[in-house]
K.L.:
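Take this structure, written in structure tokens, and hold onto it; I'll ask about it next.
The first residue of the sequence shown is numbered 1, and numbering continues consecutively from there.
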Amino acid sequence: MAMAGCALASTFPLKLNPLKTKTSSSNRNELAFVTSHLSGIKISYLPSPTPLLAPSPKFLPFQPLARRVCPLTGKKANKANKVSFSNHKTKKLQFVNLQYKRIWWEAGKRYVKLRLSTKALKTIEKNGLDAVAKKAGIDLRKK
């Protein structure tokens, strides 16, 4: 069974013991053996002069995704069945009708661009933007 050393290192805890490591000093690319804690399997690998480190999660490039959720009403996709003529049911998602809208914010004396559901637009027309944003816990000054 041929397994790569890096794949096993991520799944099994390996112990590097200088006593259990066999190396050949004649070659620059030395082949070493590591004994596993779990079953005592000997695994061969090429030791590198500098350890390879995984990149830290805080330095990974992160692109925020626009979720299909209305920030004011909390509406999100509904799971439903798509029913064919033969009554065969397959899963599908019914997404919220989200629209990008510029809405005049009276307290800030400016327009605010929001991605809202059409239900939230009707609620804003009825109750006002300040009341709906306050109830949802959204600070309009940040946007």
K.L.:
So, taking the atom named NZ in Lys122 and the one named OG1 in Thr73, what distance separates them when rounded to the nearest 0.5 Å?
P.N.:
12.5 Å
K.L.:
Quickly, which of Leu98, Leu121, Val132 forms a side-chain contact (heavy atoms from CB on, under 4.5 Å) with Leu116? Name it, please.
P.N.:
Leu121
K.L.:
Report the distance from atom CZ of Arg141 to atom CG of Asp139, rounding to the nearest 0.5 Å.
P.N.:
4.0 Å
K.L.:
If I take atom CZ from residue Arg102 and atom OH from residue Tyr111, how far apart are they, to the nearest 0.5 angstrom?
P.N.:
5.5 Å
K.L.:
Start with the C-alpha distance between Arg68 and Val96, add both sets of side-chain angles, then the distance that settles side-chain contact (heavy atoms from CB on, under 4.5 Å), and finish with yes or no.
P.N.:
CA-CA 7 Å; Arg68 292 177 174 148; Val96 182; 6.0 Å; no
K.L.:
Can you list the steps and then say if Leu114 with Lys101 is a side-chain contact (heavy atoms from CB on, under 4.5 Å)?
P.N.:
CA-CA 5 Å; Leu114 299 170; Lys101 291 298 260 186; 5.9 Å; no
K.L.:
In Å and rounded to the nearest 0.5 Å, what is the CG to CD distance from Asn78 to Gln94?
P.N.:
5.0 Å
K.L.:
Kindly determine whether Asn81 and Lys91 satisfy side-chain contact (heavy atoms from CB on, under 4.5 Å), including the steps that lead there.
P.N.:
CA-CA 5 Å; Asn81 283 324; Lys91 300 288 183 189; 3.7 Å; yes
K.L.:
Distance from Arg67 atom CZ to Arg115 atom CZ, nearest 0.5 Å?
P.N.:
11.0 Å
K.L.:
As an exercise, state the distance from SG of Cys70 to NZ of Lys76, rounded to the nearest 0.5 Å.
P.N.:
13.0 Å
K.L.:
Go through the steps to decide whether Thr118 and Gln99 satisfy the test side-chain contact (heavy atoms from CB on, under 4.5 Å), and finish with yes or no.
P.N.:
CA-CA 7 Å; Thr118 51; Gln99 306 292 325; 4.1 Å; yes
K.L.:
Is there a side-chain contact between Val112 and Trp104 (heavy atoms, below 4.5 Å)?
P.N.:
no
K.L.:
Going by the side-chain contact (heavy atoms from CB on, under 4.5 Å) test, name the single residue among Ile124, Ile138, Thr123 that passes it with Leu129.
P.N.:
Ile124
